[in-house]
Amino acid sequence: EFDQNFSPLKAESEREGTLKRIVFLVKEAEKERLGTAREFLGAASVNLPEIIFTNSAQPFNFFLYYQKTGVRKGLIVAIENEARVFRALVDQEAIMRNAWSGLFEISDPKGTLAAFEDITYRNIDIRRLQLSETNDLGLYYAIFKPKKYLLITTSLESMKTTINRIFDSL
């Protein structure tokens, strides 16, 4: 039921620059509880390396970011060991586009090469797989070391906005 419940949220019209946090609730018997990152990502068809779950603190934030070129998805996961998580992600880069397909729409380009590159924004190192420069679509991930957060987004604009908002909250 995840896609049925999630599709109307994506379709809502919001102004550019809006970041909408999505709360994932799991119904057990007659009670609801917050879903875990593992449950949410499983329902969303995103396969993160196991090391992220074994080295992550429980809280996570999934969000939609509304920009001129479309609605982009993002995720913030609290982690315990930045070096191990970063190594696991670098090791997975060759399969990320398919393993993380739940972050993209079916019509989004897949690309024929997995050409990740390093970029930096506000002294935060970002790994980027750019799928469409004109539509600002790709796969971006970074470790925000001061707070031990793993940031994952599907556009450069949403990554920059995420970084800016975390810095603003410090």
Side-chain angles (χ1 to χ4, degrees), residues 6 8-25 34-38 40-41 44 46 48-49 51-53 55-90 92-93 96-97 99-105 108-109 111 114-170:
F6 190 61
L9 290 173
K10 292 187 298 190
E12 290 177 356
S13 181
E14 298 285 352
R15 66 178 170 76
E16 282 182 39
T18 298
L19 201 143
K20 183 187 294 184
R21 180 174 181 226
I22 307 300
V23 177
F24 183 63
L25 299 173
L34 287 176
T36 65
R38 185 189 307 258
F40 175 79
L41 294 169
V46 177
L48 290 177
I51 192 79
I52 291 171
F53 299 115
N55 281 296
S56 71
Q58 184 64 349
F60 78 100
N61 289 296
F62 179 76
F63 60 88
L64 298 175
Y65 180 75
Y66 295 80
Q67 62 186 64
K68 182 177 162 183
T69 57
V71 179
R72 302 295 181 240
K73 298 172 184 167
L75 178 70
I76 302 170
V77 181
I79 57 173
E80 292 177 12
N81 188 320
E82 319 87 72
R84 292 177 108 188
V85 168
F86 185 74
R87 180 77 250 160
L89 292 169
V90 168
Q92 192 185 43
E93 284 182 349
M96 269 186 194
R97 176 58 180 94
W100 298 12
S101 62
L103 294 175
F104 299 95
E105 302 302 320
D108 288 341
F116 276 83
E117 61 184 327
D118 293 316
I119 59 175
T120 302
Y121 179 72
R122 292 189 70 174
N123 239 10
I124 302 295
D125 295 326
I126 302 166
R127 295 285 292 160
R128 163 174 80 177
L129 170 63
Q130 191 171 44
L131 299 172
S132 172
E133 185 176 359
T134 40
N135 291 328
D136 187 19
L137 181 70
L139 189 54
Y140 299 79
Y141 70 89
I143 305 287
F144 191 89
K145 290 181 182 180
K147 291 288 233 173
K148 290 192 174 186
Y149 289 155
L150 167 63
L151 314 176
I152 299 171
T153 65
T154 56
S155 75
L156 182 57
E157 182 180 329
S158 61
M159 178 61 81
K160 287 180 176 180
T161 300
T162 303
I163 291 169
N164 288 340
R165 292 202 180 172
I166 294 171
F167 269 120
D168 289 348
S169 71
L170 294 179

Euclidean distance, Glu157 CD relative to Thr162 OG1, rounded to 0.5 Å: 10.0 Å
List for me each residue that meets side-chain hydrogen bond (donor to acceptor under 3.5 Å, both in side chains) alongside Tyr140, sequence neighbours excluded, and say none if there are none. none
Please test Val46 against Ile152 for side-chain contact (heavy atoms from CB on, under 4.5 Å), starting from the C-alpha separation and ending with a verdict. CA-CA 11 Å; Val46 177; Ile152 299 171; over 6 Å; no
For Met159 against Leu151, the heavy-atom pair lying closest together: CE-O, 3.7 Å
Can you name the closest pair of heavy atoms from Arg15 and Tyr66 and give their distance? O-CB, 3.7 Å
Look up atom OG in Ser155 and atom CG in Leu139, then write down how far apart they are to the nearest 0.5 Å. 11.0 Å
Separation between CD1 of Ile79 and OH of Tyr149, rounded to the nearest 0.5 Å: 11.0 Å
Could you please spell out the steps behind the side-chain contact (heavy atoms from CB on, under 4.5 Å) verdict for Thr153 and Arg72? CA-CA 7 Å; Thr153 65; Arg72 302 295 181 240; over 6 Å; no
More than 12 heavy atoms of other residues, nucleotides or ligands under 6.0 Å from CG of Asp168: is that the case? yes
Just verifying a value: how many Å separate Phe144 CZ and Ile126 CD1, rounded to the nearest 0.5 Å? 11.0 Å
Is any side-chain heavy atom of Leu75 closer than 4.5 Å to a side-chain heavy atom of Leu41? yes
Once salt bridge (Lys or Arg N to Asp or Glu O under 4.0 Å) is applied, what residue pairs with a partner in residues 120-132 remain, sequence neighbours excluded? Glu93-Arg127, Glu117-Arg128, Asp118-Arg127
Among Lys147, Arg87, Lys145, Lys148, find the one that has a salt bridge (charged side-chain N to carboxylate O under 4.0 Å, His left out) with Glu82. Lys148
Indicate yes or no: at least one non-hydrogen side-chain atom of Leu129 is less than 4.5 angstrom from one of Leu131. yes
Supply the atom-to-atom distance Ile166 CD1 to Asn61 CG, rounded to the nearest 0.5 angstrom. 9.0 Å
Give the C-alpha distance, both sets of side-chain angles, the deciding distance and a yes or no for side-chain contact (heavy atoms from CB on, under 4.5 Å) between Thr69 and Leu137. CA-CA 8 Å; Thr69 57; Leu137 181 70; over 6 Å; no
Given the rule in the side-chain contact (heavy atoms from CB on, under 4.5 Å) test, do Leu156 and Tyr121 qualify, once you have shown the distances and angles that lead to the verdict? CA-CA 10 Å; Leu156 182 57; Tyr121 179 72; 5.9 Å; no
With no hydrogens and no angle check, do the side chains of Tyr65 and Thr161 hold a donor and an acceptor under 3.5 Å apart? yes
Just one of Asn135, Asp136, Thr18 clears the side chain to side chain donor-acceptor pair (under 3.5 Å) bar with Gln67, so which one? Asp136
Whether Phe40 and Phe24 hold their rings parallel, tilted or perpendicular, with breakpoints at 30° and 60°: perpendicular
